[in-house]
Amino acid sequence: MVNIRMEVGEGTRTPDDPAAPRGKETIMSEAITRPVQDPLFEVDLLEQYRAKVRATPWHGIPLGCPTREFHTPEELDAGMQRWIDENGQFGCIPRSHMWHRESPGFLSSEPMVETDDHQLVMYTAHPDGESMLWQAICPACRWHHISRRENAPVEAWHDHAMPGWRDLPVVPAAVKNAKRGPWVADAYPAAWQVEGAPILTRRGEHGRRHVPVHSPLGGYDIAAEEIGR
């Protein structure tokens, strides 16, 4: 945790005192650990902040690389935030080469899938000079799977958390969008009519990415061709 006082002139403004004098100001931040945005025109102040962050001990995951060992989502997120605090947010995903959380919605930190016993939390990383990595994590089980193929961790997590999913009926390519819900309700076993369950869909030659939150049940829409169906 870092405390910093940045003096620019007269007056004082804090996040809790929006009515304080404007113009020349002293900007005070208490326990700054996560700046919302780099102050683009306050380069010297920004460097002072980063220097203070770098001077504090860090006991978390290695920075500047995608660790292959298991770490919880909280540990991975804290590592990325520490890198940002030391180096800035601009271009942090490719420049840091660290694990970055993938989310089902914009600016969401929710898991991709959640059941009674398991969660699927997805991360990506861009190692220096290497191809992209994908990682699936089940935090409660301390389970993870890393691959250079995007679909592989999704499939591995479903094997881990939902055994039997590979044998589900395949939704025909002609059944699209709103028609899928009724089709799945008629064709899928009752045990698979649960929140977070996947569906298998026929895709054809193109478009074989497994897509989160596209199952009528809230889980993944999985390309049947990718698993040999």
Side-chain angles (χ1 to χ4, degrees), residues 1-112 119-140 142 144 146 148 150 153:
M1 184 170 290
V2 179
N3 292 288
I4 181 170
R5 178 184 177 93
M6 298 181 288
E7 296 187 352
V8 183
E10 299 176 353
T12 299
R13 178 167 57 89
T14 70
D16 296 326
D17 187 16
R22 309 290 293 185
K24 293 183 179 180
E25 300 170 333
T26 298
I27 305 171
M28 291 176 16
S29 298
E30 295 182 357
I32 298 177
T33 55
R34 297 190 178 184
V36 176
Q37 182 177 353
D38 291 345
L40 300 179
F41 303 107
E42 303 286 0
V43 177
D44 291 342
L45 301 179
L46 177 59
E47 287 305 318
Q48 290 177 29
Y49 166 78
R50 291 178 180 170
K52 287 181 177 291
V53 172
R54 289 191 289 267
T56 62
W58 170 246
H59 303 294
I61 66 171
L63 303 181
C65 64
T67 176
R68 265 60 166 191
E69 294 78 17
F70 174 84
H71 290 283
T72 66
E74 292 77 14
E75 291 169 334
L76 295 178
D77 293 346
M80 172 60 88
Q81 187 59 54
R82 173 67 180 217
W83 191 96
I84 290 172
D85 289 342
E86 290 188 9
N87 301 278
Q89 191 164 5
F90 181 78
C92 61
I93 296 175
R95 289 196 300 125
S96 69
H97 312 299
M98 296 179 66
W99 291 111
H100 171 73
R101 187 189 289 244
E102 296 288 303
S103 301
F106 182 65
L107 295 180
S108 169
S109 60
E110 297 296 318
M112 292 293 194
Q119 288 184 335
L120 170 55
V121 185
M122 289 292 298
Y123 283 83
T124 59
H126 301 70
D128 191 14
E130 302 179 34
S131 57
M132 192 168 173
L133 293 174
W134 283 266
Q135 178 175 195
I137 298 175
C138 185
R142 297 189 65 82
H144 74 140
I146 297 173
R148 296 192 186 280
E150 181 178 5

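These numbers were taken from a predicted model, which means no experiment stands behind them.
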Just so I know, are the side chains of [X] and [Y] near enough to count as touching, which here means a heavy-atom distance under 4.5 Å?
| X | Y | value |
| --- | --- | --- |
| Tyr123 | Ile146 | no |
| Arg142 | Thr72 | yes |
| Val53 | Arg50 | no |
| Asn87 | Ser96 | no |
| Thr124 | Met132 | yes |
| Leu120 | Pro111 | no |
| Thr56 | Arg82 | yes |

Work out which heavy atom in [X] is nearest to a heavy atom in [Y]; give both atom names and the distance.
| X | Y | value |
| --- | --- | --- |
| Pro127 | Ser131 | CD-O, 3.4 Å |
| Val121 | Pro139 | CG2-CG, 4.0 Å |
| Pro66 | Ala125 | CB-CB, 3.6 Å |

Salt bridge (charged side-chain N to carboxylate O under 4.0 Å, His left out) contacts touching residues 123-140 (sequence neighbours left out): Arg68-Glu130, Glu130-Arg148
Is the closest side-chain donor-acceptor distance between Asp77 and Gln81 under 3.5 Å? no
With His144 via side-chain hydrogen bond (donor to acceptor under 3.5 Å, both in side chains) - residues at least two apart: Gln135
Side-chain donor/acceptor of His126 to backbone N/O of His97, under 3.5 Å: no
Donor-acceptor pair, side chain of Trp99 and main chain of Thr67, under 3.5 angstrom: yes
Roughly how far, to the nearest 0.5 Å, is the NE2 atom of His100 from the CG atom of Leu76? 12.0 Å
With rounding to the nearest 0.5 angstrom, report the CE to OG distance, Met122 to Ser103. 11.0 Å
Pair Ile61-Trp83, side-chain contact (heavy atoms from CB on, under 4.5 Å): steps then yes or no: CA-CA 10 Å; Ile61 66 171; Trp83 191 96; over 6 Å; no
Tell me, with the steps shown, if Ile137 and Gln119 meet side-chain contact (heavy atoms from CB on, under 4.5 Å). CA-CA 8 Å; Ile137 298 175; Gln119 288 184 335; over 6 Å; no
